[in-house]
Amino acid sequence: KTTLIKAIFGLVPLKEGSIELFGTSSSKFINWDKVGYLPQQSSSINPLFPATVQEVVLLGMLSQKKWPRRISRHDRIKTDEMLQKLKIEHLKKRMFSELSGGQQQRVLLARCLVSEPELLIFDEPSTALDPDSRESFFELIKNLNRDSKIAVILITHDTGYVGRFAEKL
């Protein structure tokens with residue numbers, strides 16, 4: 001499953017077939033700001049990385065930047081709006097390392113969403129989540145897909161559980 005994601009991102013060679021993103025061969029695709037990626041919790045950013053929630057989410061704006069990549073006032077406003085949308089604005093100044101697994105996943109999701117992608121790719125996003133956090137996380141993803149028309153590719157072992165939230169499985 002993870003190999004599929006690596007193939008989409010061009011990190012492993014294809015033995016046969018082809019992959020297109022938005023009508024462009026993945027090998028020639030350059031509009032990466034259209035794609036948000038949330039890796040497995042265990043392989044995401046170092047939880048001891050000395051950054052606030054706001055700083056982690058601001059990193060999601062870099063995919064839209066040309067050289068030199070600088071954060072603007074507009075970027076900070078968009079970040080604040082995303083934190084509000086995901087109901088985590090109260091965590092803005094907290095260190096990422098101080099958060100629970102569910103809170104960290106919401107912050108990493110905000111980092112994905114702040115650049116307004118058209119496609120979200122998740123690799124086992126609920127691995128480190130408790131049952132309540134898992135429920136609210138999948139409900140949030142379902143709503144983003146339905147309300148914001150964001151396509152979602154979700155890799156999971158838990159097909160029985162996630163089937164309650166998916167349109168296609």
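FYI, the numbering just counts along the sequence from 1. No hydrogens, no waters, no symmetry mates; every other heavy atom, side chains included, goes into these values.
- Put simply, the side chain of V35 does not reach to within 4.5 Å of the side chain of P117, judged on heavy atoms.
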Can I5 and F122 be said to form a side chain to side chain contact (heavy atoms under 4.5 Å, CB included), step by step? CA-CA 9 Å; I5 292 172; F122 298 122; over 6 Å; no

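- The closest side-chain heavy-atom distance from V107 to V57 is below 4.5 Å.
- You'll find the side chain of K142 stays beyond 4.5 Å of the side chain of N145, heavy atoms only.
- Annotation: side chain of P50 is in contact with side chain of M95 (closest heavy-atom distance under 4.5 Å).
- Looking only at side-chain heavy atoms (C-beta outward), I77 and D75 stay at 4.5 Å or farther from each other.
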Evaluate I88 against Q103 for side chain to side chain contact (heavy atoms under 4.5 Å, CB included), listing each step before the verdict. CA-CA 8 Å; I88 55 174; Q103 290 171 327; 5.8 Å; no

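- For the pair E124 (side chain) and H157 (backbone), a donor-acceptor distance under 3.5 Å is present.
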Test ring pair (Phe, Tyr, Trp, His ring centres under 6.0 Å) applied to Y37 and F9, step by step: CA-CA 10 Å; Y37 172 59; F9 288 126; 5.1 Å; yes

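- Ion pairing between E116 and K34 fails under the 4.0 Å rule for side-chain N and carboxylate O.
- No side-chain donor-acceptor contact under 3.5 Å links E118 to the backbone of I150.
- The side-chain hydrogen bond (donor to acceptor under 3.5 Å, both in side chains) contacts involving residues 80-89 comprise D80-K92, where partners must be two or more places apart or lie in separate chains.
- A continuous path of ILVMFWY side-chain contacts below 4.5 Å connects F137 to L99, so both sit in one hydrophobic cluster.
- Looking at heavy atoms from C-beta onward, L86 lies in side-chain contact with L113 at the 4.5 angstrom threshold.
- Between I8 and L21 there is a side-chain heavy-atom pair separated by less than 4.5 Å.
- Residues meeting the salt bridge (Lys or Arg N to Asp or Glu O under 4.0 Å) test with R94, sequence neighbours left out: E98.
- In this structure the side chain of I19 never reaches within 4.5 angstrom of the side chain of F29, judged on heavy atoms.
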